[in-house]
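Quick notes on the structure that follows.
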Amino acid sequence: MPPNRQRPLTRRRLLQLTGASTLGALAGCGSQLPGSDDDEGREVTPRSTVTSEPDSSVSLTAGAGTIQPGPDVSTSNWLYDEQFPGPELRVQEGDVLSVELTNDLEAETTIHWHGVPVPNPVDGVPGVTQEPIAPGETFEYRFRAEPAGTYFYHSHVGLQLDRGLLGPLIVEERDPHVEYDREYVVVLDDYLPDEPQLPSDGGRGGGGMGGGMGGGGMMGDVRPPYDGLLINGRLPEDPQTFGVTEGERIRFRFVNAGSATVFGVRIAGHEMTVTHADGRPVDPVDVDSFAFGAGERYDVVVEATNPGRWFVQADALDGNEPPARAVVEYEGTDGTNTPQVPSSPGDQLQYSDLQAISSLDGVSGSPDRTFDLTLSRGGGQSYTWTIDGQTYPDADPLRIRPGEHVRIRMTNQSPVVHPMHLHGHFFQVGNAVKDTVMVPGHRGQVTLDFHADNPGRWLFHCHNLYHLDAGMARIVKYVE
Ligand code: C2O
Ligand code: CU
């Protein structure tokens, strides 16, 4: 920057000027793009975007639309291609995928490719990796779809994810380590009929937002006023049917695309063999149930050896809505039989059960850099969530250098779970390789390790959308 040029607005300054408190409100500010805060060490240039011809080209339109999650329910939402969830994008591992997003909304938007280690300029974080896409504009995201796995895509502007701007992204492996005959994608979501907003009274009084972890209180949290839980966009009154044939092995790809829900998942009458965590292959492990937070994914294989009609059921572990449901129906069963409900949670998956087939490179031995971070509820009147006492965007970046083995140790000083997500990288947690990990409440501790192999500015944040919007995020920034 030439010495006589006026210093661009910092995020802190911008906040003071506008009184803005949400990411969405900041989205329009061009001064937030890389290069604006050169007082913090020289920034390392991100890996550039992919320029080769795409193997697969898709156009998506974000716009208003109507959803019908149940027989007598319809609400207007914000959707991709008027579908809910958005269209499934499916490509082969290593393919170059090009997605042209047209913004037909009345607000700015972006897409984030959750879990895919894309080049920084197409990561979709407004004000950090790109200018948000203005109404009426089109933006092309182009990246190599790898590694294979179950991912999803969603808007990264403000609270737009909870309006319905989400969809699955499947990158098929060339050589799966498990056999299966058929697969289904199962997108779990919490259903908000109204426009999402942060709790206005600071979330401490409980207000009209009931449920959740005791409905508020000084240290707890309030739950958005959800009107139910969804599997593939449908309420339990109108469940989707997954047809199976006896003897088949069925792969289910579960995506927690909810904004504020930890789901506990079971399939009545069947054991599940967990084969992938956040898309990454693991040694198969048999369980009766698993719990996962917003942003996590699990693939399971189920042997169809128990003819009948059975519920796939997902309970909100932090809410009291009736569970989300779909039906596994064997070919030849009477479709009018009432499906069976799952029994007790039985054997539950633990993170310590997960053993990645290939561990991460660059994270053995002791780390080059360690961050100890405390996750907690902010003080004061407004609804805030903090990392080490700071509220994003008014927060220091975590500075790292290319090639480093970076460790982040988190301690959760609040009573609620925080599913923490790192953009642009996988991390090692125990023997698993993931991109999102739940840090349990009441002083829960989780340590993750990653290899700094993807320069740029990456968001690290809680994937509870309300916690993110209320400040629970940091930028991980590569410097020299
Ligand atoms: Cu799926 Cu920054 O998030
Ligand atoms: Cu959180």
Side-chain angles (χ1 to χ4, degrees), residues 23-24 27 85-86 109-118 120 122-130 149-162 165-169 187-189 198-199 203 212-213 219-224 255-262 278-279 292-297 317-318 373-378 383-388 391-393 410-426 434-442 444 446 456-476:
L23 296 175
T109 197
T110 62
I111 291 185
H112 170 59
W113 311 94
H114 181 110
V116 186
V118 297
N120 200 238
V122 291
D123 193 46
V125 182
V128 176
T129 69
Q130 72 167 106
T150 299
Y151 302 97
F152 71 122
Y153 61 95
H154 61 79
S155 164
H156 216 296
V157 172
L159 299 171
Q160 290 181 3
L161 167 60
D162 218 3
L165 289 170
L166 59 99
L169 166 62
V187 178
L188 301 177
D189 195 6
L198 289 184
M213 308 295 293
M219 292 295 292
D221 196 9
V222 286
R223 191 163 163 77
V255 177
N256 186 343
S259 290
T261 302
V262 178
D278 293 352
F292 66 162
E296 292 190 287
R297 292 93 61 211
L317 301 184
D318 40 11
L373 302 177
T374 301
L375 312 177
S376 50
R377 182 71 187 268
Y383 181 78
T384 57
W385 285 93
T386 65
I387 295 179
D388 259 15
T391 309
Y392 183 85
M410 297 165 284
T411 305
N412 183 352
Q413 296 289 10
S414 76
V416 300
V417 169
H418 300 292
M420 300 300 293
H421 171 52
L422 175 61
H423 286 214
H425 308 74
F426 287 99
K434 298 186 93 273
D435 54 60
T436 308
V437 64
M438 284 189 286
V439 185
H442 303 287
V446 170
R457 308 217 297 180
W458 302 99
L459 215 53
F460 170 64
H461 64 88
C462 179
H463 217 282
N464 177 309
L465 192 62
Y466 297 85
H467 298 179
L468 163 62
D469 205 46
M472 195 169 242
R474 288 295 181 98
I475 288 176
V476 172

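Atoms considered below: every heavy atom in the structure, side chains included; atoms not considered: hydrogens, waters and symmetry mates. Here the structure is a predicted model, which is why all the values come from computation and not from measurement. Whatever order the structure lists ligands and atoms in, that order sets their numbers, starting from 1.
- The side chain to side chain contact (heavy atoms under 4.5 Å, CB included) test with His463 is passed by exactly one of Met438, His421, Glu296, Met472: His421.
- Of all protein atoms, those of element N, O or S that lie under 2.8 Å from atom 1 (Cu) of ligand 1 number 3.
- Between His423 and His461, the gap from one ring centroid to the other is short of 6.0 Å.
- Between the side chains of Ser414 and Ser376, no donor-acceptor pair of N or O atoms lies under 3.5 Å.
- Using modelled atom types, one finds a donor on one side chain and an acceptor on the other under 3.5 Å when comparing Asp221 with Tyr383.
- Around the Cu ion (ligand 2), the protein atoms of type N, O or S found under 2.8 Å away are His418 ND1, Cys462 SG, His467 ND1, listed by chain and number.
- Residues passing the side chain to side chain contact (heavy atoms under 4.5 Å, CB included) test with Asp162 are Asp190, Leu192, Pro196, Tyr226, Ser259, Leu465, Tyr466, sequence neighbours excluded.
- When the options Thr436, Leu375, Leu373, Val446 are evaluated for a side chain to side chain contact (heavy atoms under 4.5 Å, CB included) with Met420, the one that passes is Leu375.
- Looking only at atom types and distance, the side chain of Asp123 has a donor-acceptor partner in the side chain of His112 under 3.5 Å away.
- Asp278 meets the salt bridge (charged side-chain N to carboxylate O under 4.0 Å, His left out) test with Arg297, Lys434; sequence neighbours excluded.
- In this structure, the side chain of His114 engages the main chain of Gly295 through a donor-acceptor pair within 3.5 Å.
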